Amino acid sequence: MEITLPADTFETHRPRLFGLAYRLLGSAQEAEDAVQDAYLRFSGAGREPIEHPGAWLAKTVTNLCLNRLTSARARRERYVGPWLPEPVVTSDGTLGPLESAERRDQVSMALLLLLERLTPAERAVYVLREAFGYAHREIADVLALSEANCRQLYRRAAARVTVPGNRFDAAPQRREELVRSFITAAREGDLAGLERLLAADVTWWADGGGKVTAALRPIEGREKTIRFLVGITRRFTAGLDFTAAEVNGEGALVAWTGGTLVGLVVFELRDGLIGQARAVVNPDKLEFARGQLARR
């Protein structure tokens, strides 16, 4: 008779648990910590086997994340400059299959930022329902709440979370072409080329976390964004190498110096143009993506 060890059972659920924790926390590193804590609890759960390991682990990870969300919110209130989620490369399936625009929206930075508006309980209900298809009865069991309460929390969350419409559902190859066109236009100071790529109401966000130089306020509008890009290109891009990647379900510019990842810019496309650009340059937030890209 083949014996299934706790570690073997856990590893079959690890990808799904990480995807759940990341959506709840917006931090890849904290998500990994929550999943590891769940493993420790699972491996020490006693001699009696757990009848439904997947459900038990999802419940454990969700509650571990709920505990972390309160302290995370307090830290983000003290954060220097705009706070953005930690970027995750998604072309390798780390956050599950993203074969549709709807699935990509569920891991987009736009949605993760909207989820920051919710209470921890609202966020948990919304993620379990929308991203993982849990029934309200199942969510009630996970959160130890009544089914009626979960329905109310979901309605409240859904009313506050609306992903922008008219998103450009481009094929991966097309998204990569747009990123490469942006790299070329920025490097060459091609103002006309940049103008063709940016929406009139484009907004550029930068998350340096006080660790590196970054704009402390969003830059709004095509003209201001172009002036900003020309300025930083002249000052900071000498010696950098740029590549394209799929990050959080969207096209992204990846900046390297030698073997060090120094920045990721995730582009949100709307009607074929860049409507939002979110640059993560805080080195602490790049560690997970660096590991992913190194393995590639």
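Quick caveat, the model's predicted, so the values are computed rather than measured.
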Visitor: Atom OG of Ser100 and atom CD of Gln106: how far apart are they, to the nearest 0.5 Å?
Guide: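 Nearest 0.5 Å value for the OG-CD distance: 9.0 Å.
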Visitor: Give me the atom names and distance for the closest heavy-atom approach of Leu261 to Ala255.
Guide: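 Leu261 and Ala255 have their closest heavy atoms at CD1-O, 3.4 Å.
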Visitor: Given the rule that I, L, V, M, F, W and Y join up when any side-chain heavy atoms are under 4.5 Å apart, are Phe242 and Val247 in one cluster?
Guide: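 As far as the 4.5 Å side-chain criterion goes, Val247 and Phe242 are not connected within one cluster.
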Visitor: Of all heavy-atom pairs between Gly249 and Thr90, which one has the smallest distance, and what is that distance?
Guide: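 Here Gly249 and Thr90 meet closest at N-OG1, 2.9 Å.
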Visitor: Closest approach of Leu194 and Ala186, non-hydrogen atoms and distance?
Guide: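 Shortest heavy-atom separation between Leu194 and Ala186 comes out as CD2-N, 4.0 Å.
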Visitor: Is Val281 isolated, or which residues cluster with it under the ILVMFWY side-chain rule of less than 4.5 Å, directly or via members?
Guide: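 Val212, all in the cluster of Val281.
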Visitor: Do Arg196 and Asp190 touch side chain to side chain, with heavy atoms closer than 4.5 Å?
Guide: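 Touching, per the 4.5 Å side-chain cut-off.
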Visitor: Evaluate the side-chain proximity of Leu66 to Leu143: yes if any heavy-atom separation is below 4.5 Å, no if none is.
Guide: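 Sidechains of Leu66 and Leu143: in contact.
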Visitor: How many angstroms lie between atom CG of Leu197 and atom CD1 of Ile226, to the nearest 0.5 angstrom?
Guide: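 Going from CG on Leu197 over to CD1 on Ile226, the span is 9.0 Å.
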Visitor: Check whether any side-chain N or O of Lys285 sits under 3.5 Å from a backbone N or O of Gly209 as a donor-acceptor pair, and report yes or no.
Guide: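 No; zero donor-acceptor contacts below 3.5 Å.
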Visitor: Is the shortest side-chain N to carboxylate O distance from Arg103 to Glu99 below 4.0 Å?
Guide: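 Yes, charged N to carboxylate O under 4.0 Å.
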Visitor: Taking the side chain as every heavy atom from C-beta outward, state whether Val179 and Leu253 have any pair of such atoms under 4.5 Å apart.
Guide: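 When only atoms from C-beta onward are counted, Leu253 and Val179 do touch, with a gap below 4.5 Å.
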Visitor: State whether the side chain of Lys59 and the backbone N or O of Asp141 hold a donor-acceptor pair below 3.5 Å, judged by distance alone.
Guide: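 Yes.
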Visitor: Could you see if Leu191 belongs to whatever hydrophobic cluster contains Ile183? Use Ile, Leu, Val, Met, Phe, Trp, Tyr and a side-chain cutoff under 4.5 Å.
Guide: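 Linked, Leu191 and Ile183 end up in one cluster.
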Visitor: Is any side-chain heavy atom of Tyr79 closer than 4.5 Å to a side-chain heavy atom of Asn282?
Guide: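 They are in side-chain contact.
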Visitor: Show every salt bridge (Lys or Arg N to Asp or Glu O under 4.0 Å) that has at least one partner inside residues 124-139, sequence neighbours left out.
Guide: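 Output for this query is empty, none listed.
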Visitor: Which is it for Trp256 and Val262 under the side chain to side chain contact (heavy atoms under 4.5 Å, CB included) test, yes or no, and what are the steps along the way?
Guide: CA-CA 6 Å; Trp256 302 87; Val262 295; 5.9 Å; no
Visitor: Give every residue pair that meets the ring pair (Phe, Tyr, Trp, His ring centres under 6.0 Å) criterion with at least one member in residues 184-215, sequence neighbours excluded.
Guide: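 Listed once each, the pairs are Trp204-Phe228.
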Visitor: Side-chain contact, heavy-atom cut-off 4.5 Å: Leu269 with Ile274?
Guide: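 Leu269 vs Ile274: side chains touch.
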Visitor: Run the side chain to side chain contact (heavy atoms under 4.5 Å, CB included) test on Leu111 and Asp105 for me, step by step, so that the C-alpha distance in whole Å, both residues' side-chain angles and the decisive distance to 0.1 Å come before the verdict.
Guide: CA-CA 7 Å; Leu111 181 63; Asp105 280 340; 5.7 Å; no
Visitor: Check the pair Thr94, Phe288 against side chain to side chain contact (heavy atoms under 4.5 Å, CB included), reporting the backbone distance first and the verdict last.
Guide: CA-CA 11 Å; Thr94 295; Phe288 186 84; 4.3 Å; yes
Visitor: What salt bridge (Lys or Arg N to Asp or Glu O under 4.0 Å) pairs are there with at least one residue in residues 110-120, not counting sequence neighbours?
Guide: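 Counting only pairs at least two positions apart or across chains, the salt bridge (Lys or Arg N to Asp or Glu O under 4.0 Å) contacts touching residues 110-120 are Arg76-Glu116, Glu116-Arg123.
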Visitor: For the backbone of Gly221 and the side chain of Thr225, can you confirm whether one donor and one acceptor N or O come within less than 3.5 Å of each other?
Guide: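 Here the side-chain-to-backbone pair exists.
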Visitor: Rounded to the nearest 0.5 Å, how far does CG of Leu69 lie from CG of Leu64?
Guide: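 CG of Leu69 is found 11.0 Å from CG of Leu64.
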Visitor: Is it the case that one hydrophobic cluster holds both Phe267 and Leu178, taking links as side-chain heavy atoms less than 4.5 Å apart, direct or via other members?
Guide: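 Yes; tracing contacts between hydrophobic side chains, which count when under 4.5 Å, links both residues.
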Visitor: For Asp271 and Leu273, indicate whether the former's side chain and the latter's backbone hold a donor-acceptor pair under 3.5 Å.
Guide: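 Looks like no, no N/O pair under 3.5 Å.
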Visitor: With side chains defined as the heavy atoms from C-beta onward, is the minimum distance between Arg175 and Glu246 less than 4.5 Å?
Guide: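 A side-chain contact under 4.5 Å exists here.
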Visitor: Identify the residue among Phe42, Phe10, Tyr39 that makes a ring-ring contact (aromatic ring centres under 6.0 Å, His included) with Trp56.
Guide: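 Among Phe42, Phe10, Tyr39, the one meeting ring-ring contact (aromatic ring centres under 6.0 Å, His included) with Trp56 is Phe42.
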Visitor: Do any pairs count as a salt bridge (Lys or Arg N to Asp or Glu O under 4.0 Å) and have a residue in residues 60-72, sequence neighbours left out, and if so which ones?
Guide: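 Listed once each, the pairs are Asp37-Arg68.
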Visitor: Is there a donor in the side chain of Tyr22 and an acceptor in the side chain of Asn248, or the other way round, less than 3.5 Å apart?
Guide: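 The criterion, which ignores hydrogens and geometry beyond distance, is satisfied for Asn248 and Tyr22.
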Visitor: Check this for me, if you would: do Glu177 and Arg180 make a salt bridge, where the nitrogen-to-carboxylate-oxygen distance has to be below 4.0 angstrom?
Guide: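 Between Arg180 and Glu177 there is no salt bridge, as every charged N stays at least 4.0 Å from the carboxylate O atoms.
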Visitor: Rounded to the nearest 0.5 Å, what separates atom CD1 in Ile139 from atom CG in Leu153?
Guide: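 So the CD1 of Ile139 and the CG of Leu153 are separated by 9.5 Å.
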Visitor: Quick check for you: to the nearest 0.5 Å, what is the distance between Asp241 atom CG and Thr260 atom OG1?
Guide: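 Reported value, rounded in 0.5 Å steps: 11.5 Å.
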Visitor: Check the orientation of Tyr126 and Tyr154. Use parallel for under 30°, tilted for 30 to 60°, and perpendicular for over 60°.
Guide: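 Parallel.
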Visitor: Find out whether Gln152 and Glu122 are in side-chain contact, i.e. whether some heavy atom of one side chain is under 4.5 Å from a heavy atom of the other.
Guide: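 No. Closest side-chain heavy atoms not under 4.5 Å.
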Visitor: Is there a path from Leu25 to Val125 through hydrophobic residues (I, L, V, M, F, W, Y) whose side chains come within less than 4.5 Å of each other?
Guide: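 Same hydrophobic cluster.
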Visitor: Treating Ser146 as the side-chain partner and Asn149 as the backbone partner, does any N or O pair qualify as donor plus acceptor under 3.5 Å?
Guide: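 Yes: the side chain of Ser146 pairs with the backbone of Asn149.
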Visitor: Rounded to the nearest 0.5 Å, how far apart are CG of Leu198 and CD of Gln276?
Guide: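 Spacing of CG (Leu198) from CD (Gln276) equals 11.5 Å.
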Visitor: Given side chain to side chain contact (heavy atoms under 4.5 Å, CB included), test Thr213 with Arg235 step by step and report yes or no.
Guide: CA-CA 12 Å; Thr213 301; Arg235 292 174 59 194; 5.6 Å; no
Visitor: If you look at every heavy atom in Ala245 and Leu293, which pair is closest and at what distance?
Guide: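 Heavy atoms of Ala245 and Leu293 come nearest at CB-CD2, 4.5 Å.
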Visitor: Between Thr9 and Pro53, which heavy-atom pair has the shortest distance, and what is it?
Guide: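 So the two residues come closest at CG2-CB, 3.9 Å.
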Visitor: Looking at Val266, is its backbone amide N or carbonyl O close enough to the side chain of Glu250 to form a donor-acceptor pair, meaning the two atoms are under 3.5 Å apart?
Guide: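 Such a contact is absent between Glu250 side chain and Val266 backbone.
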Visitor: Is Val265 reachable from Phe182 through a run of hydrophobic residues whose side-chain heavy atoms are each under 4.5 Å from the next?
Guide: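 Linked within one cluster.
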Visitor: Do you know which of Leu20, Val89, Val107 makes side chain to side chain contact (heavy atoms under 4.5 Å, CB included) with Leu95?
Guide: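 For Leu95, the side chain to side chain contact (heavy atoms under 4.5 Å, CB included) check succeeds only for Val107.
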Visitor: Can you check whether Glu86's main-chain N or O pairs, donor with acceptor, with Ser27's side chain at less than 3.5 Å?
Guide: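 No, Ser27 side chain to Glu86 backbone: no donor-acceptor pair under 3.5 Å.
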Visitor: Counting neighbours of CD on Glu147 that are heavy atoms of other residues, nucleotides or ligands and sit closer than 6.0 Å, is the number greater than 12?
Guide: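 Atom CD in Glu147 is packed in, count exceeds 12.
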Visitor: Please find the pair of heavy atoms, one from Ala244 and one from Val254, that lie closest to each other, and give the distance.
Guide: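 Distance-wise, the nearest heavy atoms are C-CG2, 4.5 Å.
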Visitor: Could Arg73 and Glu77 be called an ion pair, given the rule that one side-chain N must be under 4.0 Å from one carboxylate O?
Guide: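 Salt bridge: no.
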Visitor: Scan for salt bridge (Lys or Arg N to Asp or Glu O under 4.0 Å) pairs involving residues 23-35, sequence neighbours excluded, and state none if there are none.
Guide: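 Sorted pair list: Glu30-Arg75.
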Visitor: For the residue pair Met109 and Val280, establish whether any side-chain heavy-atom pair is separated by less than 4.5 Å.
Guide: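 Yes; the side chains approach each other to less than 4.5 Å.
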